[in-house]
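Working notes, beginning with the structure itself.
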Amino acid sequence: MWYVVETKPNASLYYGVNHDISKEELEKAIDHETVCELLNKVKVKKGDVFFIEPGTIHAIGAGIVIAEIQQSSDVTYRVFDYGRTDKDGQPRKLHIKQACEVASLRVSKTDYNFEKHLAKCRYFTVDLMEVKGIRQIFTDGSTFYSLLILEGRLKMKNGLELIDASKGDSIYVGASKGKTILAGDAKMLVTYVEPQ
């Protein structure tokens with residue numbers, strides 16, 4: 001899941017393909033470095049949310065700061081890299097064969113209904129939380145909470161531990177921490193895992 005934290009005017013990202021395509025069409029576009037022409041280019045604004053299904057081709061454009069929430073994974077298949085090079089001046093490795101095997105070739109779904117959540121799947125749930133004054137969260141051993149401060153400032157108290165946090169800070173609240181008090185004026189992403 002991507003949450004757009006900040007963006008410059010007219011910034012955009014790529015999210016899936018702009019029409020249903022064949023594997024051969026994707027391979028040809030990668031080979032001719034025209035793959036961006038097949039992708040759904042989306043202008044973004046602060047607060048936009050994109051739920052990215054496995055296999056969805058995606059890329060962040062210039063002028064965008066996002067928060068990315070994902071399941072534990074170290075797999076990235078790169079199909080195009082805008083001519084960028086690594087620290088040694090070499091092109092970064094592409095993974096064309098692997099990507100073409102798993103890429104979604106259909107237009108991506110955009111009408112998710114996560115009810116009160118920004119995103120929800122078996123790997124994570126993400127909520128938008130505002131604190132104005134004092135608020136409590138409680139962990140009973142079933143899940144952690146990951147807090148990413150989007151705006152404002154707050155103080156977090158758990159037992160004798162006191163943390164000051166402001167925009168851009170990330171706080172991890174362990175699953176067995178019990179009661180945690182949040183005080184201040186802030187907006188944050190809260191990520192946790194719901195029991196299956």
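Since the structure is predicted, the reported quantities are computational estimates derived from the model, not experimental observations.
- Between E130 and R135 there is no salt bridge, since no side-chain N of the basic residue sits under 4.0 Å from a carboxylate O of the acidic one.
- A salt bridge links K46 with E151: the closest approach of a Lys/Arg side-chain nitrogen to an acidic carboxylate oxygen falls below 4.0 angstrom.
- Residue L105 is grouped with residue F80 when hydrophobic side chains (ILVMFWY) are merged at heavy-atom distances under 4.5 angstrom, including chains of intermediate members.
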Begin with the C-alpha distance, continue with both residues' side-chain angles, and end with the deciding distance and a verdict on salt bridge (Lys or Arg N to Asp or Glu O under 4.0 Å) for D48 and K45.
CA-CA 6 Å; D48 284 348; K45 65 185 181 314; 2.8 Å; yes
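- Side-chain contact between H58 and Y14: absent, with no pair of heavy atoms (C-beta onward) separated by less than 4.5 Å.
- Look at D185 and K132 and you find a salt bridge, because one of the NZ, NE, NH1 or NH2 atoms lies within 4.0 Å of a carboxylate O, short of that distance.
- In this structure, D81 and L94 have side chains that are in contact, with non-hydrogen atoms separated by less than 4.5 Å.
- Within the 3.5 Å criterion, the main-chain N or O of D127 finds no donor-acceptor partner in the side chain of H117.
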For K155 and D164: C-alpha separation, side-chain torsions, deciding distance, then whether salt bridge (Lys or Arg N to Asp or Glu O under 4.0 Å) applies.
CA-CA 5 Å; K155 292 184 182 294; D164 286 316; 2.6 Å; yes
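- By the 4.5 Å heavy-atom criterion applied to side chains, E68 and I52 are not counted as neighbours.
- Under the 4.5 Å side-chain contact rule for hydrophobic residues, L148 and L154 do not share a cluster.
- In this structure, the side chains of V190 and V126 stay at 4.5 Å or more apart for every pair of heavy atoms.
- Linking Ile, Leu, Val, Met, Phe, Trp and Tyr whenever their side-chain heavy atoms come within less than 4.5 Å puts F124 and V49 in one cluster.
- Using modelled atom types, no side-chain atom of N158 and backbone atom of E161 make a donor-acceptor pair closer than 3.5 Å.
- When hydrophobic clusters are built by joining Ile, Leu, Val, Met, Phe, Trp and Tyr residues whose side-chain heavy atoms come closer than 4.5 Å, directly or via intermediates, Y15 is grouped together with V44.
- Residue Y192 holds its OH atom at 6.5 Å from NZ of K120, rounded to the nearest 0.5 Å.
- Remark: K179 NZ is loosely packed, at most 12 non-hydrogen atoms of other residues, nucleotides or ligands lying under 6.0 Å away.
- Contact check for T139 versus T180: no side-chain heavy atoms found under the 4.5 Å cut-off.
- Remark: M1 CE to C121 SG distance equals 10.5 Å, nearest 0.5 Å.
- Residues I60 and I66 form a side-chain contact, since some pair of their non-hydrogen atoms from C-beta on lies under 4.5 Å apart.
- Aromatic rings of F50 and Y3 (six-membered ring for Trp) have centroids beyond the 6.0 Å cut-off, not under it.
- Counted by atom type alone, E33 and Y82 present zero donor-acceptor pairs between their side chains at under 3.5 Å.
- Following chains of ILVMFWY side-chain contacts shorter than 4.5 Å, one can reach F51 starting from V42, so the two form part of one hydrophobic cluster.
- L189 CG to S170 OG: the interatomic distance, rounded to the nearest 0.5 Å, is 9.5 Å.
- L26 has its side chain out of reach of K23: every pair of non-hydrogen atoms, C-beta onward, lies at least 4.5 Å apart.
- Atom NZ of residue K43 and atom OG of residue S12 lie 8.0 Å apart, to the nearest 0.5 angstrom.
- Between H95 and Y77, the angle of the ring planes lies from 30° to 60°, which puts this pair in the tilted group.
- Side-chain atoms of K167 and R153, non-hydrogen and from C-beta on, never get closer than 4.5 Å to each other.
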